[in-house]
Amino acid sequence: AQRCWGPGVTPFSVGAQIATLRAPQMLCFQCEQTAAGKGCTVHGVCSKTPQLAGLQDLHMLYNLHICQLAHSSRPEGEIQQECVSLLLESTYATMTNANFDEACFDHYLHRATDLIVRLAAQAPHAPPAPLGLPASLPQARSSLFVSAGPAGLLARSAVVGDDDLFGVVEMATYGWKGVVAHLYHAELLQAGGPLYSDTERAEAYQELFRVGSYLAQAGSCRPLESHALDRALAECFAVGALNLKVIKMLDAVQCHKFGSPSPTDVPTTPRLGRQAVLVSGHDLHTLHSLLLQTGGQGIDVYTHGDLLAAHGYPELRKFEHLAGHFGTHWVHQVNEFRHFPGPILMTSNCLQPPTRKYADRLWTSGPAGFHGVRRVSDDFSPLIGMALDSPSVDETSSSKMLACGVAHTISLRTGFGHEAMREVVDDIAQLIRSGTLKHIFVIGGGDGTELRRSYFRELALHTPADSIILTFGCVKFRLYEHGTLAGRPRLFDMGQSSDVYSVLVVVTMLAEALG
């Protein structure tokens, strides 16, 4: 296969390969929690090892090469579905705190190499494979780690030879991963029938493949264009435009399947005398499937973290055994999960390495994974069996569970989706015109582990009384208890991170109402 080696650049020398075996080169800065704000080079802040980082880097390059081939060949039918299935789940698995299981990436890598051979047969005029991909995937473990070296950030940035350009390309890559995660959830819910049009779907994948194809080349070759940096910045905006389209698709499919979110108070007090299952992550499809399979078995299902938003959907609230919410956000799970008496299902990213206190009760599904932790897919019978064998919630466990929640609250209000807000937009606009409401703050997104994150709580506490706060994502758990303004709550929880779409819809409606 043709390679895009830069001038004077050759594959790793034998000496470099030996050095990689002894001390694998690592550079990971895809999350803002990265060491010293610069990059993890010895061990990930998230607990990712250099070996795992290498496998993820290598697999991402394979996925970008799949995009090159798919963009060139426009696959259809079974091979197109295989391409989409692998690309969505395995890219999602490379995101921060999603999957720590090397065996999962071994599996993804072998699927990718098989798929590339079949796609290449349909795309004879595809661009050259990016620098860093081995001619064939090594079978020996040590050779596999060595082959990951050229796919890493250190090796590829040296080839690109322009730190500014490489940084912007990587920024686009991480945005592209976010698009993939949102599309993954949309496609899971879409599986039961066409809830957004074939045209929307085709356009989204066409652009996803096009940008992925660009990233494969731009992140692995010396730039040939004089305006390469301008092109990279333009692709960042293209990723943003694609993400807006995809989160709109995700919002449409969620609202169609589960009803438009409406305000509701979610209990945090556990029910006594019943077995319990906890679901964390972001996956409404998996939560819904579990609710269907646990119905009538005396098992209560609780949400954790971003899945608080699930209670806002009317079709999910219909399940009487969707009992409430436990704990706060993902960064506290190590302290919170040990106090939950039943099995715990992690459905997506926001997974922390488990402790012995609860590792034997932890399950993963979809893109989430951790070595030694059991996996479950469509059939939840093994997890349900564990729940039935677990102790029911009693006074002691209930007290511990309550202590894990937001202080001084017996319920959490969520469900302020854009359709629910549509009913009060005119009232909010009138409050603005009258001078009663002078500020609207948007404080949202994913929370982190650093102590400086208290900034967001302090910001919310210091917002003036003549303001409201729109929030989304798990940062909300820092923001509760903000009273009312003109008889309405000052805090509007609009859902999980992808529900930033609702924020965009609401501020647009307000702008139109105000003329």
- prompt: Would a 4.5 Å heavy-atom cut-off, applied to side chains only, mark F209 and L87 as touching?
  reply: yes
task: Can you measure from OG1 (T414) to CE (M494) and round to the nearest 0.5 angstrom?
output: 10.0 Å
field: Side-chain donor or acceptor of S90 paired with backbone N/O of L86 under 3.5 Å
entry: yes
- prompt: Would you say the side-chain atoms of R361 pair up with the backbone N or O of G342, donor to acceptor, closer than 3.5 Å?
  reply: yes
- prompt: Less than 4.5 Å apart, any side-chain heavy atom of F29 and any of C40?
  reply: no
message: Within this structure, what is the CZ-CG distance for the pair F456 and L479, rounded to the nearest 0.5 Å?
response: 9.5 Å
field: Heavy-atom pair with the smallest gap, counting every atom of D360 and R356
entry: OD1-O, 4.5 Å
task: Report yes if the side chains of F370 and M346 come closer than 4.5 Å at any heavy-atom pair, otherwise no.
output: no
message: I'd like to know whether NE2 of H256 has more than 12 heavy-atom contacts from other residues, nucleotides or ligands below 6.0 angstrom.
response: no
message: Run the side chain to side chain contact (heavy atoms under 4.5 Å, CB included) test on F105 and T94 for me, step by step, so that the C-alpha distance in whole Å, both residues' side-chain angles and the decisive distance to 0.1 Å come before the verdict.
response: CA-CA 9 Å; F105 289 97; T94 69; 3.8 Å; yes
statement: When every non-hydrogen atom of L291 is compared with those of L316, the smallest separation belongs to CD1-CD2, 4.2 Å
query: Are D499 and V503 side-chain neighbours, meaning at least one heavy-atom pair lies under 4.5 Å?
result: no
field: Distance in Å, D283 CG paired with Q496 CD, rounded so as to fall on 0.5 Å steps
entry: 9.0 Å
query: Between the side chain of W176 and the main-chain N/O of L208, is any donor-acceptor distance below 3.5 Å?
result: yes
message: Using modelled atom types and a 3.5 Å cut-off, is there a donor and acceptor pairing between side-chain atoms of N335 and backbone atoms of H332?
response: no
field: Nearest atoms (heavy-atom pairs only) where T303 meets L278
entry: O-CD1, 3.6 Å
message: Less than 3.5 Å apart, any donor N or O on the side chain of T463 or H439 sitting next to an acceptor on the other?
response: no
message: Taking the side chain as everything from C-beta on, heavy atoms only, tell me whether L308 gets closer than 4.5 Å to D493.
response: yes
- prompt: Are the side chains of T364 and R374 in touch, meaning some heavy atoms are under 4.5 Å apart?
  reply: no
field: Donor-acceptor pair between S498 and H282 side chains, under 3.5 angstrom
entry: no
task: Please say which of F337, F477, W330 ends up in a ring-ring contact (aromatic ring centres under 6.0 Å, His included) with H304.
output: F337
field: Cationic N near anionic O, under 4.0 Å, K245 to E203
entry: yes
- prompt: Any idea which heavy atoms bring C404 and T328 closest together, and the distance?
  reply: O-CG2, 3.7 Å
- prompt: What is the minimum heavy-atom distance between T49 and H43, and which atoms define it?
  reply: CG2-NE2, 3.8 Å
field: Check ion pair E187-R201 (N to O, under 4.0 angstrom)
entry: yes
task: Please confirm whether the backbone N or O of L351 pairs with a side-chain atom of N97, one donor and one acceptor, at under 3.5 Å?
output: yes
- request: Indicate yes or no for a side-chain donor-acceptor contact from R338 to the backbone of Q333 under 3.5 Å, with no hydrogens or angles considered.
  value: no
field: Within 6.0 Å of CZ in R457, more than 12 heavy atoms from elsewhere
entry: no
- prompt: Has the side chain of S502 got a donor or acceptor atom that lies under 3.5 Å from a matching backbone atom of H418?
  reply: yes
message: Please report the interatomic distance CG(L88) to CG(N63), rounded to the nearest 0.5 Å.
response: 9.5 Å
- prompt: Does a salt bridge link R210 with E235, judged by any charged N lying under 4.0 Å from a carboxylate O?
  reply: yes
message: Walk me through whether F340 and Y358 qualify under ring-ring contact (aromatic ring centres under 6.0 Å, His included).
response: CA-CA 8 Å; F340 192 83; Y358 63 87; over 10 Å; no
task: Answer yes or no: are there more than 12 heavy-atom neighbours, outside E320 itself, under 6.0 Å from its atom CD?
output: no
query: Just how far is it from atom CD1 of I299 to atom CG of L290, taken to the nearest 0.5 Å?
result: 8.0 Å
message: Name the residue from Q30, E102, K48, Q51 that meets the side-chain hydrogen bond (donor to acceptor under 3.5 Å, both in side chains) definition with Q56.
response: K48
- request: Provide the closest heavy-atom pair for E315 versus G259 in the form atom of the first, atom of the second, distance.
  value: CG-N, 4.2 Å
message: Is there a ring-ring contact (aromatic ring centres under 6.0 Å, His included) between H288 and F319? Walk through the geometry before answering.
response: CA-CA 9 Å; H288 181 246; F319 290 93; 5.8 Å; yes
- prompt: Rounded to the nearest 0.5 Å, how far apart are OG of S280 and CD of Q352?
  reply: 10.0 Å
message: Test your reading of the model: is there a side-chain donor-acceptor pair from T34 to the backbone of C31, 3.5 Å cut-off?
response: no
- request: Look at the side chain of T508 and the backbone N and O of L504, then say whether any donor-acceptor pair between them is shorter than 3.5 Å.
  value: yes
message: Side chains of V84 and Y205, heavy atoms from C-beta outward: is any pair under 4.5 Å?
response: yes
- prompt: Are there more than 12 heavy atoms of other residues, nucleotides or ligands under 6.0 Å from atom OH of Y174?
  reply: yes
message: Donor-acceptor check, side chain of R488 to backbone of D427, threshold 3.5 angstrom: yes or no?
response: no
